[in-house]
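Below: one structure, written as structure tokens.
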Protein chains: 2
Amino acid sequence: MAQKNKLQFIILGLLNQQPLTGYDLTKAFDHEIGEFWQAQHSQIYPQLKRLEAQGLITHEVMISGEKLEKKLYHITETGQASLTTWITTGTPELTATKDEFILKLYFVRTNRDPRLPEMLTEQLRLHAEKLQHLQARLTTVFPTKASQTENFGHYLILQHALGRENYYVGWLQQTLAALPSES
Amino acid sequence: MAQKNKLQFIILGLLNQQPLTGYDLTKAFDHEIGEFWQAQHSQIYPQLKRLEAQGLITHEVMISGEKLEKKLYHITETGQASLTTWITTGTPELTATKDEFILKLYFVRTNRDPRLPEMLTEQLRLHAEKLQHLQARLTTVFPTKASQTENFGHYLILQHALGRENYYVGWLQQTLAALPSES
DNA sequence: GACAGCATGTAATCAGTTACATGATTCC
DNA sequence: GGAATCATGTAACTGATTACATGCTGTC
């Protein structure tokens with residue numbers, strides 16, 4: 001069932017928190033939400049038009065300075081209903097993680113393949129960096145116990161991503177250590 | 001950089017093990033390799049034509065029964081070189097895992113959201129099933145220590161997927177247990 | 001003869017990336 | 001005045017899914 005256009009729900013979810021322009025939404029994908037989902041402005045602007053045509057959002061035109069027009073989008077009640085339905089409806093399909101490194105590994109036939117140490121070491125470096133980055137994010141975005149329950153979902157997924165990277169790093173270290181010594 | 005056409009390398013990798021028809025390749029995505037990558041025949045047949053046009057594979061026509069033609073594809077030396085280059089070249093981009101459930105969680109604002117227990121329980125069931133399935137696969141495909149080093153890459157990624165699901169299940173259980181009691 | 005499975009292809013559509021294109025505002 | 005950033009859009013292309021389309025083989 002492909003992707004079933006998840007972007008529309010991300011936009012609805014973000015607009016449900018506060019009115020935003022297309023530009024604001026684009027920036028959101030460069031920062032916070034970009035940690036686990038990406039979208040470019042060339043995808044966002046047409047999607048906004050479609051959502052508005054469906055009556056899920058509306059916009060008002062704001063003027064910046066002399067004449068620069070920006071469109072501030074608001075979610076409608078219909079939009080909120082659509083968002084709620086999406087969140088409430090079950091998510092019975094586990095999306096396969098298309099990890100290119102894992103794919104390459106599949107075609108390595110023996111544990112004596114001379115490329116293995118280098119391949120694993122590179123991934124170890126990358127995932128250790130990601131782990132560090134997530135650790136820093138978690139402590140800056142959620143410094144206190146109280147802040148964690150304020151934006152609970154965001155806290156959960158950051159913490160989940162951290163745990164996942166932690167597992168990945170451990171697995172890479174173990175696998176590297178278990179390789180037969182080069183000889 | 002999008003996907004950079006990984007399908008071509010999967011096909012090359014599979015043909016590097018043995019000659020196969022388009023139909024065989026399609027089936028491979030329903031079974032073994034389908035555990036972590038998907039492709040339909042409508043994507044495979046055109047890709048085979050492109051790979052052949054590039055000289056990375058060739059085919060011979062086989063006759064089944066009276067007149068059913070099948071095309072048995074072989075990898076060429078150029079194809080093997082291309083496969084090796086792909087595996088050997090670094091994999092510096094970590095693909096973000098686009099997990100729809102995680103995305104939904106992001107829009108849940110408080111730990112008292114009444115939808116949380118149900119959402120987490122459903123995922124727990126799904127990932128526990130996946131975990132069991134992977135465990136069964138690992139013991140049937142790699143019953144002995146010796147078999148593990150025979151097809152080392154496949155063993156590694158199955159074992160990696162198992163560990164990942166194991167982490168996911170544990171995280172879901174922990175998160176469920178830590179929710180405030182319903183009242 | 002019916003049916004499941006073998007075998008190969010194309011067409012239409014959708015999601016997502018990259019590139020093209022334009023203009024205003026703010027700060028130095 | 002120049003540069004970075006704000007702000008909005010379209011076009012071209014790629015990767016992937018779904019649907020359309022056809023015919024043969026082996027088994028009951």
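Fair warning: this is a prediction, and the values are worked out from it, not measured in the lab. These values consider heavy atoms only, across backbone and side chains, with no hydrogens, waters or symmetry-generated copies.
Regarding A:E100, its CD atom lies at a distance of 14 Å from the C1' atom of D:dG15, rounded to whole Å. With rounding to whole Å, B:H59 atom NE2 is found 13 Å from C:dA7 atom C1'. If you take CD of B:Q47 and P of D:dT17, they are 13 Å apart, rounded to a whole angstrom. In this structure, CD1 of A:I44 is placed 13 Å from C1' of D:dA7, rounded to the nearest angstrom. Taking atom NZ of residue A:K4 and atom P of nucleotide C:dA15, one finds them 10 Å apart after rounding to whole Å. Here C:dG16 presents its P atom at 8 Å from CD1 of A:I10, a figure rounded to the nearest Å. Distance A:Q8 CD to C:dG16 C1': 15 Å, rounded to the nearest Å. Atom CD of A:E60 is separated from atom C1' of D:dT8 by 17 Å (rounded to the nearest Å).
At distances below 3.5 Å, at least one donor-acceptor pair connects side-chain atoms of B:K104 with backbone N or O atoms of A:W86.
Between A:Y45 and D:dG9, a side-chain N or O to OP1/OP2 separation shorter than 4.0 Å is absent. Taking 4.0 angstrom as the limit, A:Q40 places none of its side-chain polar atoms (N or O) nearer than this to OP1 or OP2 of C:dG16. Distances shorter than 4.0 Å separate some side-chain N or O of A:Q43 from OP1 or OP2 on C:dT17. Between A:K71 and D:dG9 there is a side-chain N or O to OP1 or OP2 distance below 4.0 Å.
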Pair B:L15-B:H74, side chain to side chain contact (heavy atoms under 4.5 Å, CB included): steps then yes or no: CA-CA 6 Å; B:L15 292 183; B:H74 301 253; over 6 Å; no

Pair B:F107-A:F9, ring-ring contact (aromatic ring centres under 6.0 Å, His included): steps then yes or no: CA-CA 10 Å; B:F107 296 111; A:F9 298 113; 9.5 Å; no

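If you check every strand for non-hydrogen atoms under 4.0 Å, B:S42 touches a base.
B:E52 pairs in a side chain to side chain donor-acceptor pair (under 3.5 Å) with only one of the listed residues (B:K71, B:H59, B:Q47), which is B:H59. A:Q123 pairs in a side chain to side chain contact (heavy atoms under 4.5 Å, CB included) with only one of the listed residues (A:T121, A:L126, A:L120), which is A:L126. When each of B:E165, B:Q173, B:Q132 is checked for a side chain to side chain donor-acceptor pair (under 3.5 Å) with B:H127, only B:E165 meets the rule.
Each of A:Q38 and B:L48 lies near DNA chain C, and the nucleotide nearest B:L48 is the one positioned closer to the 5' end.
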Contact letters for nucleotides 21-28 of chain D, in which S counts primed atoms plus P, OP1 and OP2 and B counts the base, heavy atoms under 4.0 Å: --BSS---

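Between A:T175 atom OG1 and A:N111 atom CG the span is 11.5 Å, to the nearest 0.5 Å.
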